[in-house]
Number of protein chains: 2
Amino acid sequence: MTRVLVVDDDSVLLRTLRINLRARGHEVLLAATGAQAVATFFAEQPELVILDLGLPDLDGIEVLKRLRERSEVPVIVLSARQHADDKVEALDEGADDYVSKPFSMDEFLARVRAALRRASAEAEAPETFTAAGLQLDFVNHHATRDSEPLHLTPTEWRVLAELAKHHGRVVSHEDLLRTVWGPSYGREHHYLRVFANQIRRKIELDPSQPRHLINEPGLGYRLQQ
Amino acid sequence: MTRVLVVDDDSVLLRTLRINLRARGHEVLLAATGAQAVATFFAEQPELVILDLGLPDLDGIEVLKRLRERSEVPVIVLSARQHADDKVEALDEGADDYVSKPFSMDEFLARVRAALRRASAEAEAPETFTAAGLQLDFVNHHATRDSEPLHLTPTEWRVLAELAKHHGRVVSHEDLLRTVWGPSYGREHHYLRVFANQIRRKIELDPSQPRHLINEPGLGYRLQQ
DNA sequence: ATCGATCTTTACGGGTTCCTTACCCGCCGA
DNA sequence: TCGGCGGGTAAGGAACCCGTAAAGATCGAT
């Protein structure tokens, strides 16, 4: 019973997608132009957007940017174009998945399921993180190290919140950068080095021997309890 | 929406298959000879191959072998021959399904749907690999040998992930190199020797007698459970 | 306008990882 | 017996990644 917005100017494909998505139990909203898509999205707030890059008025990428200004909704991009540039650009701007036309309906529906699964998993952010002597309260933005209050800056909070959401697991550089700084910052790895260092100086007993904020070389960072 | 390559020298059957596949929404590529089939396949990379065993130049089995050297594409074999030998041989060489002529179009289309469904299901990479005493967790990038944590480098993870995706089967040198190092590294076989050695020293009980990371001389490597 | 806090950007050193080369062996056909 | 081939092993230097410090840039509050 999730609501899906499908944006495409090809009426045949639109119809096919509507039939298949309805058969899977989704409510389907349609838009044939970029302007209509943006308007419908903010009016109806669907849980998922299927977005064709080839639109008559706005560029699909432009639609994606406008959605991302105010929403984290999962977006699956469709494109007939072969160039890898489109793919990179779309994913950088915050698309969750990219499907090249032609595609199989089974594959498409699998990607829809995957996108919705990821979105629902992300919805539940933890409110606190506690480890030996360390406490982080993400609701009140209040942190203590051995009952001593410690001050974290806004960006430090966002980094820690993202890591706490997946605590114990590696969060890749790209994921971390995209959720904290924005979809187009996936390659600015040096930000992370600076902030990891700063955060460790605050939350770790021995910052040179971190026990909580762990680096996995070449992969990303992990918040350990 | 998927692209299907149909290989047959019978122009009547070719026409029938094209009409029916198009009616089901597939894009159809045609080949009348084995050589043409192989060339078209690697040029166009369709999602499914329909292959008649009776061809004027190459044997159909030979075409299948050439496809399997570099691709896991689902292949449905057609044959007028009655002998069970053909069926066994085709399936042994990696065909996904076998249809004897004459066949009903409904049955044929059902098998096409099934093959495509399996293929899209398999596209998702496995999250873990477990064998006697060895555990690889590709999500958290965490590996243990007899409950002892062991450290793998990013490239070692990528090699193992690719092998685990097809565990039990041989992955060719070319495929491994291309997915791990990039499309232009298909000939740098020496990378693999070095990394296979390094990985064995970590995951194998006796690296000189590997039980998991197996070499198939002249073909590639296989990850054995 | 000035100041302080925060974020961005740059630079450098050390450690790890990767690439490259060289040499070894066993197998096989000439 | 000899190369040739494919694979395993070892080692050094290059490239890369990370931690660290510190200097600009930005912004809001005073």
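Labels below follow one simple rule: chain letters A, B, ... track the order of the sequence lines, proteins then strands, and each chain is numbered from 1. The model shown is predicted, which means the values in this text are computed figures rather than measured ones.
Atom-to-atom, CG of L192(B) to P of dG8(D) comes out at 10 Å; the value is rounded to the nearest Å. Atoms CZ (F195(A)) and P (dA21(D)) sit 16 Å apart, rounded to a whole Å. We find that CD of E216(B) is positioned 10 Å from P of dG7(D), with the value rounded to whole Å. When rounded to the nearest whole Å, the span between CD of E156(B) and P of dT17(C) equals 8 Å. When the C1' atom of dG15(C) is taken as reference, atom CD of Q209(A) falls 14 Å away, rounded to whole Å. As rounded to whole Å, 14 Å separates atom C1' of dC16(D) from atom CG of L219(A).
Regarding contacts with the backbone of dG7(D), a side-chain N or O of H173(B) is found under 4.0 angstrom from either OP1 or OP2. Between Y221(B) and the phosphate of dG8(D), there is a side-chain N or O to OP1/OP2 separation shorter than 4.0 Å.
Note on N197(B): a base of the nucleic acid sits closer than 4.0 angstrom, heavy atoms only. Within 4.0 Å of H190(A), counting heavy atoms only, lies at least one base atom of the nucleic acid.
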Subject >> Pair L64(A)-V49(A), side chain to side chain contact (heavy atoms under 4.5 Å, CB included): steps then yes or no >> reply: CA-CA 10 Å; L64(A) 181 55; V49(A) 176; over 6 Å; no
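Closest approach of W181(A) and T155(A) over heavy atoms only: CZ2-CG2, 3.6 Å.
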